[in-house]
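See below for the structure under consideration.
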Amino acid sequence: MFRKHSLTRGMYRMGARLSTPLPSHPVERLQIGAPGANLRKTAQASAGGADTDQAGMDFDTLDQFKAAPKGQYGKGPFALVIAEDRVELASTLDHVQSLGFKAIFVLAPAGLDVPPPPAGAEKTRHIIRHPSRQPGAVTKAVNALAEKVPGEWVHYCFNGEYLFYPFCEDRTVGEMTTWVMEERRSAILTYVIDLYAPDLNMHPDAVSLDTAMLDGSGYYAQTRKNAAGDVMERQLDFYGGLRWRFEEHVAQPKRKIDRVGLFQAQPGVHLRDDHTLSDEEMNTYTCPWHNSLSAAICSFRVAKALRTNPGSRYDISDFRWHKSVPFHWSSLQLMELGLMEPGQWF
């Protein structure tokens, strides 16, 4: 039985407008726009001033990184960027840095040049050399990082992907994770929202920061069940975007758009191949007592794959449809479209 669900019962549905009132008090807004421009001012450390600059470390292999001692990376939150190629790698790194992550790890194959951090950047950038397209590479790298930084928050994404969370123009990722921990939550569910260029003749790989579009609706959820067929409490499988509209070109296991893209590393908890964690409570979209904060990862990855894979490239001449809308690189737009939820964070 294929059943559609609202994300949380009541005020919030994927594809519906957000009904939670947004803050009306005046704030000093930081600038955000398409990556590659000045996304936002460099995030300041919350307590104790700016971070001390540290030299980044290069690891020749993933095994070398695993063998390195723990405790040398300081306090988080940390980000891991998986570089599959050079397409918008620099803008992804700049965006992650702008959100306030204390250190950035880049998983990249040998021979792929990783852009250096901007001059005067206060955040550390480490490089781990490993074939990023190798099966299992993502889970191995994320789990290796999580093992090194127990108790710290970890975000992972690919090049050409950009994390957005409620009010990210004004608040650092550290402020958000602090709030989430006060809610007694240790993970944030993220929805991967497909971005695509409107003109594939001008942008054959479907990547365009300046003219990016997304699907304004067409998202749905299906009950998630375990291996025994039992419904899993407060867990759903989410679908939509290009993976849904062009599902004939997307393998069944890769059609979901939900990803536990930001979580607190804990001993014994590991990331699985389906982007869920081994602790089932960390895969829930909400807590038992009220709506929980969620986030979005805006991504060119699917559009780029559909336009570069021979099996789909010549079948797709335009990604636009009647529900396409320009992406304003704004957390407010994503909340108004119902693609992420502030929960009780105002």
Side-chain angles (χ1 to χ4, degrees), residues 7 14-15 32 34-35 39-40 77-84 87-89 91-101 104-107 132 138-139 141-142 145 153-169 171-173 176-177 180 187-196 206-207 209 212-216 219 221 236-244 250 254-263 271 274-277 282-283 285 292-305 327-335 337-342:
L7 177 60
M14 290 198 80
I32 192 163
L39 266 177
R40 57 177 289 185
F78 300 106
L80 171 65
V81 176
I82 298 101
E84 297 179 309
V87 176
E88 294 304 335
L89 175 57
S91 64
T92 296
L93 292 172
D94 289 346
H95 181 76
V96 169
Q97 179 168 320
S98 75
L99 296 176
F101 287 95
I104 303 170
F105 295 78
V106 184
L107 185 77
S132 54
V138 175
T139 54
V142 173
L145 175 57
W153 284 78
V154 174
H155 162 60
Y156 72 98
C157 67
F158 298 85
N159 60 294
E161 294 190 333
Y162 311 92
L163 173 67
F164 280 79
Y165 52 84
F167 319 117
C168 62
E169 293 85 354
R171 304 176 188 178
T172 67
V173 67
M176 176 179 65
T177 56
V180 171
I188 297 172
L189 188 62
T190 58
Y191 305 105
V192 181
I193 307 303
D194 293 324
L195 302 178
Y196 45 89
V207 178
L209 299 177
M213 304 192 78
L214 54 80
D215 287 5
Y219 303 91
L236 296 170
D237 292 327
F238 295 88
Y239 300 91
L242 300 182
R243 300 169 198 246
W244 169 59
V250 182
K254 297 182 180 296
R255 292 177 185 172
K256 295 196 306 118
I257 65 170
D258 51 279
R259 180 194 302 176
V260 186
L262 187 57
F263 64 93
L271 181 71
D274 62 353
H275 299 290
T276 63
L277 297 170
M282 298 175 74
N283 299 324
Y285 60 83
S292 296
L293 181 147
S294 61
I297 296 175
C298 298
S299 172
F300 286 105
R301 189 167 177 249
V302 171
K304 183 179 65 173
F327 182 38
H328 301 151
W329 299 95
S330 161
S331 65
L332 178 60
Q333 181 190 23
L334 294 169
M335 286 189 286
L337 289 173
L339 299 177
M340 65 182 182
E341 154 86 59

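Remember, it's a predicted structure, so these values are computed and weren't measured experimentally.
No donor-acceptor pair closer than 3.5 Å links the side chain of Q333 to the backbone N or O of S330. Using a distance-only test at 3.5 Å, with no hydrogens or angles considered, a donor-acceptor pair links the side chain of N159 to the main chain of V87. Under the 3.5 Å distance criterion, the side-chain polar atoms of T139 are left unmatched by any main-chain donor or acceptor of L271.
Salt-bridge annotation for E88 and K304: absent, with no side-chain N of the basic residue lying under 4.0 Å from a carboxylate O of the acidic one.
Rounding to the nearest 0.5 angstrom, the gap separating the OH atom in Y191 from the CG atom in L339 is 9.5 Å. The distance from the CZ atom of R243 to the CZ atom of R255 is 11.5 Å, given to the nearest 0.5 Å. Here the CZ-CG distance, from R259 to L277, works out to 12.5 Å after rounding to the nearest 0.5 Å. Here CE of M340 is found 11.0 Å from CD1 of I188. Values are rounded to the nearest 0.5 Å. For the atom pair NE2 of H275 and CD1 of I297, the computed distance is 9.0 Å after rounding to the nearest 0.5 Å. Within the model, atoms CG of L189 and CG of D258 stand 6.0 Å from one another, a figure rounded to the nearest 0.5 Å.
Counting heavy atoms from C-beta outward, L293 and P342 have side chains that stay 4.5 Å or more apart. Proximity of L195 to V207: side-chain heavy atoms (C-beta onward) are nowhere separated by under 4.5 Å. Residues Y285 and E341 are not in side-chain contact: their nearest non-hydrogen atoms beyond the backbone lie 4.5 Å or more apart. Side-chain contact between Y219 and Y239 is absent, with no heavy atoms from C-beta onward closer than 4.5 Å. Side-chain contact between L89 and V81 is present, with at least one heavy-atom pair separated by less than 4.5 Å. Using a 4.5 Å heavy-atom cutoff, the side chains of L99 and C168 are in contact. At a threshold of 4.5 Å between non-hydrogen side-chain atoms, the residues C298 and F327 count as touching.
In summary, the side chains of S331 and E169 do present a donor paired with an acceptor at a separation below 3.5 Å, with no hydrogens or angles considered. In this structure, a donor-acceptor pair under 3.5 Å is absent between the side chains of Y165 and T190. The closest side-chain donor-acceptor pair between D215 and Y196 falls under 3.5 angstrom.
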**Message:** Applying side chain to side chain contact (heavy atoms under 4.5 Å, CB included) to W153 and M176, what does each step give before you reach the verdict?
**Reply:** CA-CA 11 Å; W153 284 78; M176 176 179 65; over 6 Å; no
**Prompt:** Between L214 and L337, does a side chain to side chain contact (heavy atoms under 4.5 Å, CB included) hold up when you go through it step by step?
**Reply:** CA-CA 11 Å; L214 54 80; L337 289 173; 3.7 Å; yes
**Message:** Using side chain to side chain contact (heavy atoms under 4.5 Å, CB included), reason through F300 and D194 one step at a time and then give a plain yes or no.
**Reply:** CA-CA 6 Å; F300 286 105; D194 293 324; over 6 Å; no
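Across every non-hydrogen atom of P166 and S294, the tightest pair is CD-O, 3.3 Å. Of all the heavy atoms in V173 and P77, the pair that sits closest is CG1-CG, 3.5 Å.
Ring pair F263/Y156 is perpendicular by interplanar angle, where above 60° counts as perpendicular and below 30° as parallel. Between F101 and H155, the ring planes are parallel. Angles under 30° get that label, and only those over 60° would be called perpendicular.
Partners of R301 by salt bridge (Lys or Arg N to Asp or Glu O under 4.0 Å), not counting sequence neighbours, listed by chain and number: E84.
Taking the six-membered ring for Trp and the full ring otherwise, the centers of W329 and Y162 sit less than 6.0 Å from each other.
Each of T92, L107, V106 was compared with I82 under the side chain to side chain contact (heavy atoms under 4.5 Å, CB included) criterion, and only L107 meets it.
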